[in-house]
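Report on one structure; see the data block that follows.
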Amino acid sequence: MVPRLHIVGRKNHGKTTLVCELVTELADRGLRVATVKHTHHHHELDTPGKDSHRHRQSGAIGVGILSAEMVATFVPVTRSTDEATRYAPFATMFADCDLIVVEGDLHTSAVRMEVWRTGLETVPYAADDPAITAVISDDAVPANIRRLLRSDVPALADEIIRMFHLR
């Protein structure tokens, strides 16, 4: 099974930027990394009015899109709190990867690291959630938790490689 690392944090603390920088660093080291953007908002992923959306609206149990350079699938799922059920499609799709990096999802048993910045005047989730492995920040963290420097992406990548035994 492909290991998952969740980069969590409050809005505007830099989750997306960090995920992109980590993916670049890990890929440059020869690792195959997939990403998943987790959202708790309900929104349509497929574009209403497009052929693929019309296929689903007609009753297709799944719709695939295949172009010369990209493939996508739209498969309705039943909302579930069961983690194995929620992430099962990605485990299959990304089976040839070394790591799946998920942006978000506080409600997981997988490894979670929180990106946090003091300038936004919020309390880190890690202050109340001992299951968060580390806080990634260049600021002093108001919680009794391991801190990894946000400004040192190569060191973060080293830690992720060590933690998941990727090399």
Note to self: Walk me through whether His13 and Thr122 qualify under side chain to side chain donor-acceptor pair (under 3.5 Å).
What the structure shows: CA-CA 10 Å; His13 279 261; Thr122 62; 3.0 Å; yes
Next item on the list: Decide, yes or no, whether a salt bridge links Arg117 with Asp139 under the criterion of side-chain N to carboxylate O below 4.0 Å.
Entry: no
Check: Parallel, tilted or perpendicular for Tyr87 and Phe90, by the 30°/60° rule?
Finding: tilted
Note to self: Would you say that Arg150 contacts Thr17 through its side chain, given a criterion of any heavy-atom pair below 4.5 Å between the two side chains?
What the structure shows: yes
Notebook entry, point to check: Closest heavy-atom contact between Arg4 and Ala110?
Noted result: NH2-CB, 3.5 Å
Margin query: Nearest 0.5 angstrom please: His6 NE2 to Thr108 OG1, how far?
Written below: 3.5 Å
Item checked: Minimum heavy-atom distance Glu25-Ala157, with the two atoms named -> CG-CB, 3.5 Å
Margin query: Could you check whether any side-chain heavy atom of Thr24 comes within less than 4.5 Å of a side-chain heavy atom of Glu21, counting everything from C-beta outward?
Written below: no
Note to self: Counting only heavy atoms not in Asp96 (residues, nucleotides, ligands), do more than 12 fall under 6.0 Å from its CG?
What the structure shows: yes
Notebook entry, point to check: What are the two closest heavy atoms between Ala91 and Met1, and how far apart are they?
Noted result: CB-CE, 4.3 Å
Margin query: Is any side-chain heavy atom of Arg29 closer than 4.5 Å to one of Asp158?
Written below: yes
Check: Who else is in the cluster with Leu18 when I, L, V, M, F, W and Y are joined by side-chain contacts under 4.5 Å?
Finding: Leu5, Ile7, Val19, Leu22, Val23, Leu26, Leu31, Val33, Leu99, Val101, Val111, Met113, Val115, Ile136, Leu148, Val153, Leu156, Ile160, Ile161, Met163, Phe164, Leu166
Check: Would you say Pro154 and Glu159 make side-chain contact, with heavy atoms under 4.5 Å?
Finding: no
Notebook entry, point to check: Closest approach of Ala131 and Arg112, non-hydrogen atoms and distance?
Noted result: CB-NH2, 3.1 Å
Notebook entry, point to check: Minimum heavy-atom separation for Ala127 to Ala143, with atom names?
Noted result: CA-CB, 3.8 Å
Next item on the list: Among Ile, Leu, Val, Met, Phe, Trp and Tyr joined by side-chain contacts under 4.5 Å, find the other residues sharing a cluster with Leu106 and list them by chain and number.
Entry: Val8, Trp116, Tyr125, Ile132, Val135, Val141, Ile145
Item checked: Verdict with supporting geometry, Asp105 and Lys37, salt bridge (charged side-chain N to carboxylate O under 4.0 Å, His left out) -> CA-CA 9 Å; Asp105 195 357; Lys37 168 63 176 158; over 6 Å; no
Next item on the list: Begin from the C-alpha positions of Thr35 and Glu103 and carry the test side chain to side chain donor-acceptor pair (under 3.5 Å) through to its verdict.
Entry: CA-CA 7 Å; Thr35 64; Glu103 181 182 331; over 6 Å; no
Next item on the list: Compare every heavy atom of Ala140 with every heavy atom of Pro142, then report the nearest pair and how far apart it is.
Entry: CD-O, 3.7 Å
